[in-house]
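Please read the structure below before turning to the comments.
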Amino acid sequence: MAELLLTSSYQIAGRDFDKGGEISTEVKVLLQKLEIDPRLIRRAVVVIFEAEMNIVMYADEATITFELTDEDIGIVIDDRGPGIPDLELAMQEGWSTATDEMREMGFGLGMGLPNIKRNSDVFDIRSTVGEGTVVTSRIFLDDHG
Amino acid sequence: MAEYEHGFAIDADVCDGCLACMRACPTNAIRVKYGTASVLAELCIDCGSCLTACPHGAITAQTVRLDDFRDFSFRVAIPSPVLFGQFPPDVRPDQVVHGLLAAGFDAVWDYSIELGLISRATVDCIRHWHGQKPLISNMCPVIVELLQVSYPRMLDQLLPIVLPRQIAARQIKQSFSRELGLPPEEIAAIYVTPCQAKTISILRPAGGGRGFVDGAVGIAQMYNTVLAEAQEAAKSGRQTYGWSPVRSAGILRWATPRPLAGRIGRDRYLSVTGLPDVIKVFDDIEKGRLRGIDYLECRACWGGCTHGNLTVDNVYVAAAKLENLISDLPEFDDGGQAEVERRYRREDLTPAQKPEPRPAVHGGDLRERVRRVKDAARIRERLPGLDCGLCGAPSCDVLAEDIAGERGALTDCVFISPQRIEELRHLHHRED
Ligand SMILES: Nc1ncnc2c1ncn2[C@@H]1O[C@H](COP(=O)(O)OP(=O)(O)OP(=O)(O)O)[C@@H](O)[C@H]1O
Ligand SMILES: [Mg+2]
């Protein structure tokens, strides 16, 4: 059984584009202080950033939970929002329901969820239409930790 | 020259502990204890912000003079293209070359070939790059150090091509030793630099080891002599030198923040100057927020290398002069381009060493590190959060980390320890 060493959680309001990216920066600073392997930090930052952007683009609000165990980094993004009707479709690269405005800002390429999956060692997504979506990502630590 | 560990030195006798440098440092590398500033070597990126901020002249940059190379039999200048944009409009680049020779160099290298070679190699590298994007220019040594210290995750994106001044120096040693029958180590390849940071990086390259360049002399240090000689030549209308060191616009662009303008797609080429802006863009890259960019040019100095701390003109005047020189020149120089192609096929341009991440600041195993972070968070709650700096650390956050890492004490905080305020009163006492 992995031992939980540290945990922190963050609230994020949906549909507030300006706030997007703040939590990934906070977690980055935390991981840097923990002197985690730079490559793992980068992966964690991408996971949180993409998830955060999905919240500010599509959901109402969310809780992001970060945890560090002696084996891995865990990230859970639990939102209240419209949910995703077809998960298989949403996971496809290039599939997006982003608005023109989002696309103008460089988003809406349909790369977020695939990127989260690619940067995770364990990935899970569940969604209930009308309620919300839960994305779980785990990134294994290496020998250095 | 191992004593030049940071390139900048704080004179403890002159420093009065005023905190200006500590507040200016972009990597939180400075602490002020017992009325004197000191630098944490592992965090310093040699940017020189502290030197600029110090009101007392207590911080000095290591300087090198041409005279320091007197033990060499033959001294060759590698002039940064920034140099040619520093003179009045009536002084031509070939007259500047004349000025450099009069100032004491034995030869001035035609650096345009190596710059062309690196432009060529960079464009090729960008085209074939399959790694994470964007590739990041390695021209500015402060940026390379910033990556090592604060963005080690992005070091793989650093342009994997040797610096032009290094191949120029290699070539200089080779051709002059053949021509003059001297051993290569008796020939000095000396960079004429717009900034301190390049001097430091030449003596202490980020990738370790030692390059081919023997040292650097600041533009500002040579300026008066070179100007006087060049103007003399300009006045007499004398034909000074057989060749001009700048024969194409492409070469002079190396003095601007967009040296590859026109050679890679405009919308995929980003140029950022000034450390605060570079840091913002690096944060965006890290999150994956910067999309569709192939190549990122960044310079620590705002406005680019023409604003280096060893230049003489203000950045706007220098940019205008460069623009003026560039507009008079053809885009390519055919003879030079042929030589570039010939050497491109023949030469190995991969760097000998790759800059590594700077070792962790505190270290220890994972549990130990977690303990420290938790301790720091707990300690932070007891601090006022005003970031007054009177403890000698730049912020309450940093003090909390210092305490958790056994590099500071809770009693450093003036809110917690009345003794500390007494100590400061004593240190900074002024007569009425
Ligand atoms: N938290 C969420 N709540 C509701 N719908 C979501 C959520 N996250 C993703 N989606 C839906 O899934 C689609 C694909 O998401 P993904 O992150 O892969 O791409 P994108 O956000 O459209 O574009 P990009 O991430 O490249 O900017 C989105 O367009 C959206 O319809
Ligand atoms: Mg997305």
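Here is how names work: the chains are called A, B, and so on, in the same order as the sequence lines, proteins then strands, and each is numbered from 1. Any value given below was found using the heavy atoms of this structure, including those in side chains, with hydrogens, waters and symmetry copies removed.
- Contacts between B:Asp284 and chain A at a heavy-atom distance below 4.5 Å are absent for every atom of the residue.
- Proximity to chain A (any heavy atom under 4.5 Å) is shown, for B:Glu368, by neither the backbone nor the side chain.
- Under a cut-off of 6.0 angstrom, the local environment of CD in A:Glu101 is sparse, with at most 12 non-hydrogen atoms contributed by other residues, nucleotides or ligands.
- How far CG of A:Leu68 is from CZ of B:Arg369: 9.0 Å, rounded to the nearest 0.5 Å.
- Residue contact with chain B, scored on non-hydrogen atoms closer than 4.5 Å, is absent for A:Met111.
- If you tally non-hydrogen atom pairs under 4.5 Å between each of A:Val45, A:Leu5, A:Val46 and chain B, the highest count goes to A:Leu5.
- With a 4.5 angstrom heavy-atom cutoff, B:Arg372 touches chain A only via side-chain atoms.
- To the nearest 0.5 angstrom, A:Ile23 atom CD1 is 11.0 Å from B:Lys287 atom NZ.
- Both the backbone and the side chain of A:Asp70 come within contact range of chain B, with heavy atoms under 4.5 Å apart.
- Of the inter-residue distances, the one linking B:Arg367 atom CZ with A:Leu6 atom CG reads 12.5 Å to the nearest 0.5 angstrom.
- Neither the backbone nor the side chain of A:Ile48 comes within less than 4.5 Å of any heavy atom of chain B.
- Note that CD of A:Glu35 and CG of B:Leu366 are 10.5 Å apart. Values are rounded to the nearest 0.5 Å.
- More than 12 heavy atoms of other shown residues, nucleotides or ligands fall within 6.0 angstrom of atom CZ in A:Arg103.
- In this structure, chain B has no heavy atom under 4.5 Å from any part of A:Ser8.
- If you measure heavy-atom distances from A:Glu52 to chain B, you find no contacts under 4.5 Å at all.
- Enclosure of atom CD in A:Glu3 by more than 12 non-hydrogen atoms of other residues, nucleotides or ligands within 6.0 angstrom is indicated.
- Within 6.0 Å of CZ on A:Arg15 lie more than 12 heavy atoms contributed by other residues, nucleotides or ligands.
- The 12-atom threshold is not exceeded at CZ of A:Arg39, counting heavy atoms of other residues, nucleotides or ligands nearer than 6.0 Å.
- At distances below 3.5 Å, at least one donor-acceptor pair connects side-chain atoms of A:Arg42 with backbone N or O atoms of B:Arg153.
- For a residue to count as touching a neighbouring chain, one of its non-hydrogen atoms must lie under 4.5 Å from one of that chain's; by this rule B:Val370 touches chain A with backbone and side chain alike.
- A:Ile41 is not listed as a side-chain neighbour of B:Glu286, based on a closest heavy-atom distance of 4.5 Å or more.
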